[in-house]
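Below, read A as the first sequence line, B as the second, and so on, with proteins coming before strands; counting in each chain starts at 1.
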Amino acid sequence: MKAGLKPRYDGHCREGAAPVKGVKPIVRFRNPREGDVVFDDLVRGRISISNTELDDLVIARPDGSPTYNFTVVVDDVDMAVSLVIRGDDHINNTPRQINIYRALGAELPDFAHVPMILGDDGARLSKRHGAVGVMQYRDDGYLPQALLNYLVRLGWSHGDQEIFSLQEMIDTFDIRDVNRKASAFNTEKLDWLNQHYMKSLPPAEVAQHLAWHFEQAGIDPENGPPLADLVSVQADRVKTLCEMTDQSRVFYREFDEYDPGAAHKHLRPVTADPLAAIGGRLAELDRWEPEMLNETIRAVAEELELGMGKIAQPLRVALTGTAVSPSIDKTLWLVGRERSLARIQRALAFVIARAAN
RNA sequence: GCUCCCUUCGUCUAGCGGUCAGGACACCGCCCUCUCAAGGCGGGAACACGAGUUCGAUUCUCGUAGGGAGCGCCA
């Protein structure tokens with residue numbers, strides 16, 4: 001090491017030696033001393049390394065158990081593995097392994113060393129930092145299609161195409177097109193893809209995944225609108241199924257109290273009449289569909305000569321307890337007839353009580 | 001220290017000697033609008049650096065810098 005050389009085996013028993021009493025020997029691989037090991041990596045291209053850089057590595061310990069670089073080769077030869085795809089941290093091991101393949105008289109597989117994936121912050125993923133199991137993404141509310149699509153585009157591309165169905169991935173993917181550079185995971189783009197799939201997949205399919213999240217959150221889907229209906233209106237308002245679940249509670253359960261800010265701003269005494277008028281008109285409806293709900297609200301607004309803002313916001317707070325929800329017709333639709341009428345009455349009572357103070 | 005690998009917008013990428021260096025996410029602006037979104041339109045934003053090769057380099061070669069990996073009787 002002082003001479004700037006690598007620490008390595010001195011070749012003491014390279015040409016063979018008699019067993020030494022009291023010493024349990026290890027077994028080393030007799031690596032060629034001259035020439036280069038050259039291989040064509042499917043993603044890196046031609047890689048060449050001199051045999052002088054390779055040591056006579058240990059392949060069996062004193063107890064006879066084999067070591068990694070040896071077992072990997074033996075195992076892959078046994079299984080007739082024809083293509084080895086692994087992280088690029090194994091590039092340095094490959095020449096040693098190739099020499100073992102040759103010594104074994106085995107056919108060489110193709111090698112493809114793919115770069116690793118970095119975290120959102122560009123730092124390497126590790127157990128301590130950022131690394132998670134795939135199922136974590138389900139827990140976090142991502143659809144399988146979104147994760148797959150995101151991952152396939154990380155380090156690989158097919159022209160300018162961003163959206164890939166599973167079949168398209170299978171048809172167009174080629175390991176040779178994979179990039180050599182490590183890429184950073186970008187959750188914002190995953191979010192975008194997730195929303196894309198929530199919006200474009202059949203609502204019923206998304207609903208199946210959503211049902212799992214409802215169960216996790218302890219919400220009974222039977223206590224409100226069909227999940228597919230929910231998906232159709234919430235998909236373009238949230239990034240994940242978790243958000244969708246969180247923001248949809250109000251359609252399945254009563255809320256405790258109004259958001260203070262929203263109530264203060266929108267449930268004012270002046271809204272009593274409009275709310276009462278809307279409640280009355282909605283009660284007369286014989287069907288409860290977005291289109292007629294929308295017409296009804298607009299008609300009331302027109303009759304009272306109020307802008308939609310003056311009508312929709314108080315109603316929104318009445319229905320959901322907050323100032324943010326889907327468009328007012330869809331909100332009414334999802335809350336459902338009975339629950340909507342009841343909540344309007346509740347808001348009315350709140351407004352009247354407030355006026356009395 | 002030695003060896004190997006990597007380097008285009010903030011991020012994911014297209015490019016494979018001649019392009020106004022293209023797309024996507026994100027960001028900014030405008031439009032739409034009952035809130036929040038979604039959507040539409042537009043905008044800013046990159047070839048790490050230095051030498052070569054060449055009529056011409058993002059592209060080919062060699063250096064430099066920066067980053068990563070390996071140099072185990074761990075996998």
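Note that NE2 of A:H196 and CG of A:L190 are 13.0 Å apart. Values are rounded to the nearest 0.5 Å. Here A:L315 contributes atom CG and A:H266 contributes atom NE2; the two are 12.0 Å apart, rounded to the nearest 0.5 Å.
The salt bridge (Lys or Arg N to Asp or Glu O under 4.0 Å) analysis of residues 210-229 of chain A, with sequence neighbours excluded, yields no pairs. Applying the salt bridge (Lys or Arg N to Asp or Glu O under 4.0 Å) rule to pairs touching residues 257-281 of chain A yields A:R281-A:E303, sequence neighbours excluded. Annotation: salt bridge (Lys or Arg N to Asp or Glu O under 4.0 Å) contacts involving residues 177-199 of chain A, sequence neighbours excluded, comprise A:E162-A:K189. Identified under the salt bridge (Lys or Arg N to Asp or Glu O under 4.0 Å) test for residues 236-249 of chain A, with sequence neighbours left out: A:D246-A:R249.
A heavy-atom distance below 4.0 Å to RNA chain B is reached by these residues of residues 268-299 of chain A, ordered by number: A:R298. Of the residues in residues 235-255 of chain A, those lying under 4.0 Å from RNA chain B by heavy-atom distance are A:D236, A:R237, A:K239. Residues of residues 320-329 of chain A having a heavy atom closer than 4.0 Å to RNA chain B, listed by number: A:A323, A:V324, A:S325, A:P326, A:S327, A:I328, A:D329.
B:rA45 and B:rU64 have their C1' atoms separated by 27 Å, given to the nearest Å. Atom P of B:rG70 sits at a distance of 26 Å from the matching atom of B:rA14, rounded to the whole Å. For the P atoms, the distance linking B:rA75 with B:rG66 amounts to 34 Å, nearest Å. Here, B:rC62 and B:rC6 have their P atoms 12 Å apart, quoted to the whole Å. When the P atom is used for both B:rG15 and B:rU54, the distance is 28 Å, rounded to whole Å. Atom name P, nucleotides B:rU58 and B:rC9: the rounded distance is 15 Å, in whole Å. When the C1' atom is compared between B:rA26 and B:rU35, the two are found 24 Å apart, to the nearest whole Å.
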Intermediate values then yes/no, side-chain contact (heavy atoms from CB on, under 4.5 Å), A:I47 and A:V38: CA-CA 6 Å; A:I47 293 175; A:V38 179; over 6 Å; no

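In the interface, the side chain of A:R316 is paired with the base of B:rC34 through a donor and an acceptor atom under 3.5 Å apart.
The aromatic rings of A:W156 and A:F173 lie tilted to each other, with the angle between the two planes from 30° to 60°.
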Using distance only, find each side-chain donor-acceptor pair of residues 106-114 of chain A under 3.5 Å and give its atom names and separation, not counting sequence neighbours.
from, atom 1, to, atom 2, distance (Å)
A:H113, ND1, A:D41, OD2, 2.5
A:H113, NE2, A:R86, NH1, 3.3
A:H113, NE2, A:T94, OG1, 3.1

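The residue A:G155 sits close only to the backbone: its heavy atoms come under 4.0 Å of sugar-phosphate atoms, none of a base. Using a 4.0 Å heavy-atom criterion, one finds that A:D63 contacts no nucleic acid atom at all. Across all strands shown, A:P62 has heavy atoms under 4.0 Å from base atoms, whether or not it also approaches the sugar-phosphate. No contact: A:R86 has no heavy atom under 4.0 Å from any strand. Using a 4.0 Å heavy-atom cutoff across all strands shown, A:K199 reaches sugar-phosphate atoms only and no base atom.
For A:Q234, the side chain to side chain donor-acceptor pair (under 3.5 Å) criterion is met by A:S248, not counting sequence neighbours.
Between the P atom of B:rA14 and the CD atom of A:Q161 lies a distance of 14 Å, rounded to the nearest Å. Remark: P of B:rA14 and CZ of A:F164 are 11 Å apart, rounded to the nearest angstrom. Atom pair A:D89:CG and B:rC4:C1' shows a separation of 13 Å (rounding to whole Å applied). Atom-to-atom, CG of A:N194 to P of B:rA37 comes out at 18 Å; the value is rounded to the nearest Å.
With 3.5 Å as the limit, one finds no donor-acceptor pair spanning the side chains of A:N31 and A:D56. With no hydrogens or angles considered, no side-chain donor-acceptor pair links A:E34 and A:N51 at under 3.5 Å.
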Quick tally for nucleotides 58-67 of chain B: nucleotides whose base has a protein heavy atom under 4.0 Å get B, sugar-phosphate-only ones S, the rest -, giving ----------

Protein heavy-atom contacts under 4.0 Å, written 5' to 3' over nucleotides 19-25 of chain B as B (base), S (sugar-phosphate only) or - (none), form the string ---BBBS

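Nucleotide B:rG1 is matched to B:rC71 when pairs are restricted to Watson-Crick or G-U wobble geometry with both distances under 3.5 angstrom. In this entry B:rC36 has no Watson-Crick or G-U wobble partner, no candidate having both defining distances under 3.5 Å. Figure legend. B:rA65 is base-paired to B:rU7; pairs are counted as Watson-Crick or G-U wobble with both atom distances under 3.5 Å. When Watson-Crick and G-U wobble pairs are counted only if both distances are under 3.5 Å, B:rC47 pairs with no nucleotide at all.
Taking the six-membered ring where the residue is Trp, the centroids of A:F29 and A:F70 are separated by 6.0 Å or more.
In summary, A:R30 and A:E15 engage in a salt bridge, as defined by a charged side-chain N under 4.0 Å from a carboxylate O.
Within the cation-pi definition used here (under 6.0 Å to the ring centroid, within 45° of the axis), A:R28 qualifies as a partner of A:Y9.
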Nucleotide N/O of nucleotides 42-44 of chain B paired with protein N/O under 3.5 Å:
none

